Enquirer: 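The structure's right below; bear with me while I get my questions together.
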Amino acid sequence: MEKKTYVVDMTKGNVTNHLLHFTVPLLIGNLIQQFYNIADSIIVGQFVGSKALGAVGAVGNVMFIFFALCLGLSAGVGIIVSQYFGANNAKKVKKTITNSVYVLGVAGILMSLLAVFLAPQILVWMNTPADTYEYALDYMRITGAATIVVAAYNAISAILRALGDSKTPLIFLVVASILNIGLDLLFVLQFDMGVQGAALATAISQCLAAMGSIVMAACKNPYFKLHREDFVLDKELVRDILGLGIPVAGQNTLISLSCVLLQSVVNSYGSSVMAAYTATARVEQLVHQPFNSLGMAASTFSGQNIGAKLYERVTEGNRKALKVMVLFSLIMMVVMMLLGNSIIGFFVDEPAIIQMGATGLRMTSLMYIALGLIYVSRGTLNGLGDAKYAFINGACEVLGRIVFVVVLTNIPFIGFWGVWLTNAFTWVLAGFAGLIRFKQGKWRQCSVVKKEVAA
């Protein structure tokens, strides 16, 4: 493979530069996606109505459960691709790409069918109000049918990132976000299609993003120059994809469920606490993005280097990623301490709620280093192929949110402040679990490349 256009080999060169050059495009893409989500909500809320907005929000939470399997399997594919790339095994990289089509194709179709056919019953189980039921049903069926598209986009993005290319997914994410907003305005305002139009806009833009990324990869990336023999089903590779992807999917589902459980406690304190907590959560969605992007960079870096058996470089990469994370955490902590009230004021205008939300932000900001530690450890260990840690991480977050919220909110002088403290203490628990897991060094035995050589 003498020509490596659109490929970055992270087994050589400056570690910090690799991490930062990979992180920045991911961060830009994640932030664009967050701002798009805000714009999408504004369009639905302003031009369709609050009931439609509530329905879209409720469906968004439950749809993540259907997406989780595809997202997890995509992560598994990316891990394997990065490791074989690091091992300089072009044949296995190509076979992983083609076999991912079979695995993600089946998973995407299955989840699409389940989401469409189970939508009415799921909405009943969720106690969806009668005046929002039709909105929710329409939105869930259309977005559910497009789960196969979500699978395709995330798979191609994971593969490209595993090969060191974080820019191509960014390009098509930007195009998709702009197109999505344009189609939202066209379908909702001009064609008066309501939530159906919003759902179609999302599905179409995701489809075009997936197709564009695939076409670009086929034209520019040497590992996508595939031949007939690359498409032969490899049962061992399929087992590896499932073995790595399903635990990551389980991890994501467990974390999502733990957040839903915590939200139910928040709701029990009434609308003021709900509003303050929601505003805090919106701000922290943005805080999560640099950590998430750095975690993805750590995953690709660690995957390529363990594939090349460069164990000391893996350790160095983890150490450098932690330094970058700590710097950002300290900056954001200072921002929240000084500007917390002004930031929450963007979301609500009631002084009591602003003060409550700002206090919550300041409390959780003290633990941003622990939050960053979760993402760096999770990304590194996932990239190394430590499937067991995925379940450990998910279990820590569920256990933390259940135990801490019960204990803290029942202490009289803490009360509802316990919901913010629960997040902070859960970050500490999960973050140190990841740090300890990495220090144990069991990841040295997790590489799929190493298993293949030993077989």
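The structure displayed is predicted, hence computed values, not measured ones.
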Enquirer: Can you sort out the partners of S177 under side chain to side chain contact (heavy atoms under 4.5 Å, CB included), two or more places apart, ordered by chain and number?
Expert: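 Here the qualifying residues are I32, Y36, L173.
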Enquirer: Please list, chain by chain and in numerical order, all residues satisfying side chain to side chain donor-acceptor pair (under 3.5 Å) with E284, sequence neighbours excluded.
Expert: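 Checked E284 against side chain to side chain donor-acceptor pair (under 3.5 Å); matches are T364, Y368.
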Enquirer: Looking only at heavy atoms, what is the nearest atom pair of M63 and G144, with distance?
Expert: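 Shortest heavy-atom contact: CE-CA, 3.6 Å.
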Enquirer: Do T359 and W420 touch side chain to side chain, with heavy atoms closer than 4.5 Å?
Expert: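 They are not in contact (no side-chain heavy atoms under 4.5 Å apart), so the answer is no.
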Enquirer: Between the main-chain N or O of F22 and the side-chain N or O of S166, is there a donor-acceptor pair closer than 3.5 Å?
Expert: yes
Enquirer: Rounded to the nearest 0.5 Å, what separates atom CG in N292 from atom CZ in R378?
Expert: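 Between N292 CG and R378 CZ, I get 8.0 Å after rounding to 0.5 Å.
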Enquirer: Is the shortest side-chain heavy-atom distance between L19 and V15 below 4.5 Å?
Expert: yes
Enquirer: Anything under 3.5 Å between a donor and an acceptor, one on a side chain of residues 151-162, the other on a protein residue two or more places apart or in another chain? List them.
Expert:
from : atom 1 : to   : atom 2 : distance (Å)
Y153 : OH     : P169 : O      : 3.4
N154 : ND2    : V150 : O      : 2.8
S157 : OG     : Y153 : O      : 2.9

Enquirer: Among all residues two or more places apart in sequence or in another chain, which pass the side chain to side chain donor-acceptor pair (under 3.5 Å) test with H21?
Expert: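 None.
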Enquirer: What residues, two or more places apart in sequence or in another chain, satisfy side chain to side chain contact (heavy atoms under 4.5 Å, CB included) together with T426?
Expert: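 In terms of side chain to side chain contact (heavy atoms under 4.5 Å, CB included), with neighbours along the sequence ignored, T426 is linked to E397, R401, F404, T422.
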Enquirer: Shortest non-hydrogen contact from A249 to L69?
Expert: CB-CA, 3.8 Å
Enquirer: Got a donor-acceptor contact below 3.5 angstrom from the T300 side chain to the A297 backbone?
Expert: no
Enquirer: N393 versus I255: any side-chain heavy-atom pair under 4.5 Å?
Expert: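 A side-chain contact exists here, since the closest heavy-atom pair is under 4.5 Å.
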Enquirer: Without swapping roles, check the side chain of S112 against the backbone of I148 for a donor-acceptor pair under 3.5 Å.
Expert: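 Yes; at least one donor-acceptor contact below 3.5 Å.
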Enquirer: Under the side-chain contact (heavy atoms from CB on, under 4.5 Å) rule, what do I344 and T280 come out as? Steps first, then yes or no, please.
Expert: CA-CA 7 Å; I344 297 296; T280 304; 4.2 Å; yes
Enquirer: Of the non-hydrogen atoms in C70 and L104, which two are nearest, and what is the gap between them?
Expert: O-CD1, 3.7 Å
Enquirer: Taking salt bridge (charged side-chain N to carboxylate O under 4.0 Å, His left out) as the definition, give me every residue that meets it alongside R239, ordered by chain and number, with sequence neighbours left out.
Expert: E236
Enquirer: Supply the atom-to-atom distance L322 CG to T380 OG1, rounded to the nearest 0.5 angstrom.
Expert: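 Answer rounded to 0.5 Å: 7.0 Å.
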Enquirer: Between Q304 and M10 (side chain of the first, backbone of the second, donor and acceptor by atom type, cut-off under 3.5 Å), is there such a pair?
Expert: yes
Enquirer: Begin from the C-alpha positions of R437 and Q440 and carry the test side-chain contact (heavy atoms from CB on, under 4.5 Å) through to its verdict.
Expert: CA-CA 5 Å; R437 182 73 175 182; Q440 288 175 334; 3.8 Å; yes
Enquirer: Side chain to side chain contact (heavy atoms under 4.5 Å, CB included) with V175: which residues, sequence neighbours excluded?
Expert: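 So V175 forms no side chain to side chain contact (heavy atoms under 4.5 Å, CB included) with any residue.
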Enquirer: One pair to check against side-chain contact (heavy atoms from CB on, under 4.5 Å): I178 and V174. What are the steps and the verdict?
Expert: CA-CA 6 Å; I178 295 172; V174 171; 3.9 Å; yes
Enquirer: With side chains defined as the heavy atoms from C-beta onward, is the minimum distance between Q83 and I79 less than 4.5 Å?
Expert: yes
Enquirer: So V265 and Y277, do their side chains get closer than 4.5 Å, heavy atoms only?
Expert: no
Enquirer: Does either side chain, that of R362 or that of N341, offer a donor lying less than 3.5 Å from an acceptor on the other one?
Expert: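 There is such a pair between these side chains.
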Enquirer: Got a sec, which residues hit ring pair (Phe, Tyr, Trp, His ring centres under 6.0 Å) with F291, two or more places apart in sequence or on another chain?
Expert: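 Testing F291 for ring pair (Phe, Tyr, Trp, His ring centres under 6.0 Å), a comparison that skips the adjacent residues, returns F328.
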Enquirer: Would the number of heavy atoms belonging to other residues, nucleotides or ligands and lying under 6.0 Å from CD of E350 be above 12?
Expert: no
Enquirer: Looking at residues at least two apart in the chain, or sitting in another chain, which of them share a salt bridge (charged side-chain N to carboxylate O under 4.0 Å, His left out) with E134?
Expert: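 Once residues adjacent in sequence are excluded, E134 has no partner under the salt bridge (charged side-chain N to carboxylate O under 4.0 Å, His left out) criterion.
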Enquirer: What distance do D386 atom CG and S302 atom OG have between them, rounded to the nearest 0.5 Å?
Expert: 10.5 Å
Enquirer: Short question: side chain of N410, backbone of V406 - any donor-acceptor pair under 3.5 Å?
Expert: yes
Enquirer: Atom CZ in F187, atom CD1 in I204: separation rounded to 0.5 Å?
Expert: 4.0 Å
Enquirer: In Å, rounded to the nearest 0.5 Å, how long is the span from OH of Y311 to CD1 of I306?
Expert: 6.0 Å
Enquirer: Would you call the rings of F301 and H18 parallel, tilted or perpendicular if under 30° counts as parallel and over 60° as perpendicular?
Expert: tilted
Enquirer: Taking side chain as C-beta onward, heavy atoms only, is P120 less than 4.5 Å from Y133?
Expert: yes
Enquirer: Heavy-atom distance under 4.5 Å between the side chains of M356 and W417, does that happen here?
Expert: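 Side chain of M356 against side chain of W417, heavy atoms only: contact under 4.5 Å found.
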Enquirer: Kindly write out the residues that satisfy side chain to side chain donor-acceptor pair (under 3.5 Å) with S100, not counting sequence neighbours, or none if the list is empty.
Expert: none
Enquirer: Show the nearest heavy-atom pair for residues V248 and A75, with the distance to one decimal.
Expert: CG1-CB, 4.0 Å
Enquirer: Run the side-chain contact (heavy atoms from CB on, under 4.5 Å) check on H288 and Y375 step by step: do they pass?
Expert: CA-CA 9 Å; H288 281 246; Y375 278 101; 2.7 Å; yes
Enquirer: Salt bridge (charged side-chain N to carboxylate O under 4.0 Å, His left out) with K320: which residues, sequence neighbours excluded?
Expert: E316
Enquirer: Could you check whether any side-chain N or O of S299 sits under 3.5 Å from a backbone N or O of G295, counting only pairs where one atom can act as donor and the other as acceptor?
Expert: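 Not a single qualifying donor-acceptor pair exists.
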Enquirer: Under 4.5 Å between any side-chain heavy atoms of F438 and L384, yes or no?
Expert: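 Of all side-chain heavy-atom pairs linking L384 with F438, at least one is under 4.5 Å.
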Enquirer: So, using salt bridge (charged side-chain N to carboxylate O under 4.0 Å, His left out) as the criterion, who are the partners of R313 when residues are at least two apart?
Expert: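 Once residues adjacent in sequence are excluded, R313 has no partner under the salt bridge (charged side-chain N to carboxylate O under 4.0 Å, His left out) criterion.
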Enquirer: How far apart are the closest heavy atoms of A107 and L73, and which atoms are they?
Expert: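 That would be CB-CD1, 3.6 Å.
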Enquirer: Taking all non-hydrogen atoms of both residues into account, name the closest pair between G345 and I354 and its distance.
Expert: CA-CD1, 3.9 Å
Enquirer: When rounded to the nearest 0.5 angstrom, what is the spacing between CG in L200 and CD1 in I142?
Expert: 4.5 Å
